Amino acid sequence: MPELPEVETVRRTVSGALLGLRVEAVEVAAVKMRHPLDGDKWRRLITGNRLESLDRRGKYLLARFGQAGAVVHLGMSGRLLVARPGQARLAHTHLVLHFENGLDLRFVDPRRFGFAVVMAAQELETFPPLPELGPDPLTGDVEGALAAAGRRQRAPVRNVLLDQRVLAGVGNIYASEALFRAGIHPQRSVAALSARRRARLATAIRQVLEESIAAGGTTLADGGFVASDGQAGYFAVQLAVYDREGSPCQRCGKPVRRLVLAGRSAYYCPSCQH
DNA sequence: ACTCGCCTGTCG
DNA sequence: CGACAGGCGAGT
């Protein structure tokens with residue numbers, strides 16, 4: 001579900017509600033996760049500490065609680081929700097932190113592709129695969145990252161945009177959207193992009209991510225993403241091609257096409273993108 | 001550089 | 001019932 005704008009939206013809402021507050025108790029449900037949730041470790045390392053910071057690296061969240069820390073990834077279906085204890089828990093609530101102001105932070109993830117791993121704070125930055133991540137598109141050199149990728153490989157540019165070692169945070173929605181804005185066909189080799197088109201793509205990536213953050217992220221029709229305060233993001237109405245196969249291109253009116261690359265849908269306009 | 005597997009849920 | 005879903009990593 002969540003790409004950079006959704007994770008950033010979660011980071012902001014959780015920070016706004018809970019930063020600086022003490023965790024009074026931790027509840028962990030015993031389910032099998034990609035990285036197992038270690039209930040004893042969560043309770044031992046986190047209980048009694050304050051949430052001192054919440055940072056984002058690409059799609060990963062890094063939380064600091066005194067000498068302890070946690071890395072959280074939302075996978076495809078993960079949510080971090082701030083809730084009142086009385087509110088009914090959603091199915092697949094795996095972890096609950098009870099804060100001193102009476103609010104809960106709940107990690108919910110039906111598909112369990114996400115994780116929440118606790119560790120010593122000084123291990124956060126080296127937790128795999130964080131050291132391998134490429135630059136963050138909001139602050140880093142997107143054009144340079146694309147140019148470097150083009151020197152190493154000739155893969156379709158859409159696939160390169162999904163490679164978190166090249167750029168950290170772009171996922172399937174924003175890859176399609178950025179390529180549409182830049183007028184680049186998803187199958188075009190990254191190595192074949194001219195400097196001019198690379199620059200256009202870099203700008204499109206930054207813009208689409210920033211606009212989405214401003215809208216609170218993308219909530220698709222299935223309602224899979226909500227911010228931590230329960231708000232849906234409204235960027236979906238601005239999606240030009242993603243999940244719009246057969247709909248008229250906003251620019252030229254030709255039907256949007258869907259193509260499968262590396263096992264995942266890519267949406268594009270056959271007449272506007274080359 | 002692809003394909004599959006990991007899970008649950010929804011939609012056609 | 002199969003196809004598909006906003007991610008990622010292992011295996012080939």
Side-chain angles (χ1 to χ4, degrees), chain A residues 1-10 29-37 56-61 71-80 90-94 107-117 127-134 137 149-150 152-179 186-192 205 208-209 212-213 215-227 232-246 258-267:
Chain A
M1 157 214 352
E3 305 181 31
L4 187 154
E6 291 75 39
V7 177
E8 178 61 18
T9 299
V10 166
V31 283
K32 197 170 187 170
M33 306 286 294
R34 187 149 66 96
H35 293 279
L37 264 173
R56 183 184 56 74
R57 299 273 183 284
K59 303 174 194 172
Y60 296 80
L61 289 168
V71 177
V72 176
H73 192 287
L74 300 178
M76 288 281 268
S77 58
R79 300 182 184 188
L80 275 181
L90 292 176
H92 311 290
T93 297
H94 306 309
F107 174 57
V108 183
D109 185 7
R111 293 181 71 180
R112 289 185 249 148
F113 293 167
F115 59 82
V117 186
F127 184 80
L130 297 177
E132 321 293 327
L133 292 182
R152 287 193 304 268
Q153 49 174 327
R154 65 187 102 208
V157 61
R158 201 296 303 261
N159 298 2
V160 171
L161 294 183
L162 293 186
D163 185 343
Q164 303 297 297
R165 296 167 302 186
V166 175
L167 280 176
V170 178
N172 213 22
I173 292 181
Y174 300 105
S176 278
E177 293 299 312
L179 289 168
Q187 257 176 322
R188 168 91 31 214
S189 163
V190 65
I205 291 168
V208 74
L209 295 176
S212 181
I213 290 170
T218 295
T219 301
L220 294 176
D222 65 4
F225 169 75
V226 292
Y234 53 90
F235 193 70
V237 297
Q238 293 178 56
L239 296 178
V241 290
Y242 184 82
D243 202 20
R244 292 209 187 311
E245 184 182 19
R258 171 179 175 269
L259 143 83
V260 176
L261 287 179
R264 314 195 54 202
S265 297
Y267 298 88

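Being a predicted model, the structure only gives us computed values, none of them experimental. Labels below follow one simple rule: chain letters A, B, ... track the order of the sequence lines, proteins then strands, and each chain is numbered from 1.
Within the 3.5 Å criterion, the main-chain N or O of A/M33 finds no donor-acceptor partner in the side chain of A/R112. In this structure, the side chain of A/T219 does not engage the main chain of A/A232 through any donor-acceptor pair within 3.5 Å. Here the side chain of A/E8 pairs no donor or acceptor atom with the backbone of A/R56 at under 3.5 angstrom.
Using a 4.0 Å cut-off, no side-chain N or O of A/S265 falls inside it from OP1 or OP2 of C/dC4. Proximity of A/Y242 to the phosphate of C/dG6: a side-chain N or O atom is located under 4.0 Å from OP1 or OP2. Within the structure, a side-chain polar atom (N or O) of A/K59 is placed less than 4.0 Å from OP1 or OP2 of C/dC8. Contact annotation: A/H73 side-chain N/O to C/dC8 OP1/OP2 distance is under 4.0 Å. Between A/H92 and B/dC7, a side-chain N or O to OP1/OP2 separation shorter than 4.0 Å is absent.
Atom NE2 of A/H92 and atom CZ of A/R79 lie 11.0 Å apart (nearest 0.5 Å). Atom CD1 of A/I173 and atom CD of A/E6 lie 6.0 Å apart (nearest 0.5 Å). Distance check: A/S265 OG to A/N172 CG gives 6.5 Å after rounding to the nearest 0.5 Å. A distance of 11.5 Å separates CZ in A/R188 from CG in A/L179, rounded to the nearest 0.5 Å.
Residue-level contact check: A/L261 touches neither bases nor backbone, having no heavy atom under 4.0 Å from any strand. At a threshold of 4.0 angstrom between heavy atoms, the contacts of A/R165 with the nucleic acid are absent. Residue-level contact check: A/N172 touches the backbone only, with heavy atoms under 4.0 Å from sugar-phosphate atoms and none from bases.
Atom pair A/M33:CE and C/dG9:C1' shows a separation of 16 Å (rounding to whole Å applied). For the pair A/R79 CZ and C/dG7 P, the interatomic distance rounds to 16 Å; values are reported in whole Å. When the P atom of C/dG6 is taken as reference, atom CZ of A/R112 falls 20 Å away, rounded to whole Å. Rounding to whole angstrom units, CG of residue A/D222 and C1' of B/dT8 are separated by 12 Å. Summarising the geometry, the separation between CD on A/Q187 and P on B/dA1 is reported as 14 Å, rounded to the nearest angstrom. One atom, CG of A/D163, and another, C1' of B/dC2, lie 14 Å apart when rounded to the nearest Å. Atom CG of A/L74 is separated from atom C1' of C/dA5 by 16 Å (rounded to the nearest Å). Following rounding to the nearest Å, A/D243 (CG) and C/dG6 (C1') show an atom-to-atom distance of 10 Å.
Heavy-atom distances under 4.0 Å link DNA chain B to A/Q153, A/R154, A/A155, A/N159 of residues 153-162 of chain A, given in residue order.
Aromatic stacking is marked for A/F113 over B/dC6, as both cut-offs hold: 5.5 Å for the centres and 30° for the planes.
Only the C1' atoms considered, C/dG9 is 23 Å distant from B/dG9, to the nearest whole Å. Distance noted for atom P between B/dA1 and C/dA5: 22 Å (whole Å). Between the C1' atoms of B/dT10 and C/dC8, the separation comes to 22 Å (whole Å).
With C/dG7, B/dT8, C/dC8 as the candidates, the nucleotide lying closest to the side chain of A/M76 is C/dG7.
For A/R264 and C/dA5, a side-chain-to-base donor-acceptor distance below 3.5 Å is absent, hydrogens and geometry of angles not being considered. Contact annotation: side chain of A/R111 to base of B/dC7, donor-acceptor pair present below 3.5 Å.
Between A/F115 and A/H73, the two ring planes are parallel [angle under 30°; tilted spans 30° to 60°].
A side-chain donor-acceptor contact under 3.5 Å links A/S212 and A/Y174. No side-chain N or O of A/R264 forms a donor-acceptor pair with one of A/N159 less than 3.5 Å apart.
With sequence neighbours left out, the side-chain contact (heavy atoms from CB on, under 4.5 Å) criterion links A/T9 to A/F225, A/A227.
Nearest-nucleotide positions on DNA chain B place A/R152 closer to the 5' end than the other of A/K32 and A/R152.
DNA chain C contains the following stems of three or more consecutive Watson-Crick or G-U pairs, with both distances under 3.5 Å: B:1-6 with C:7-12, B:8-12 with C:1-5.
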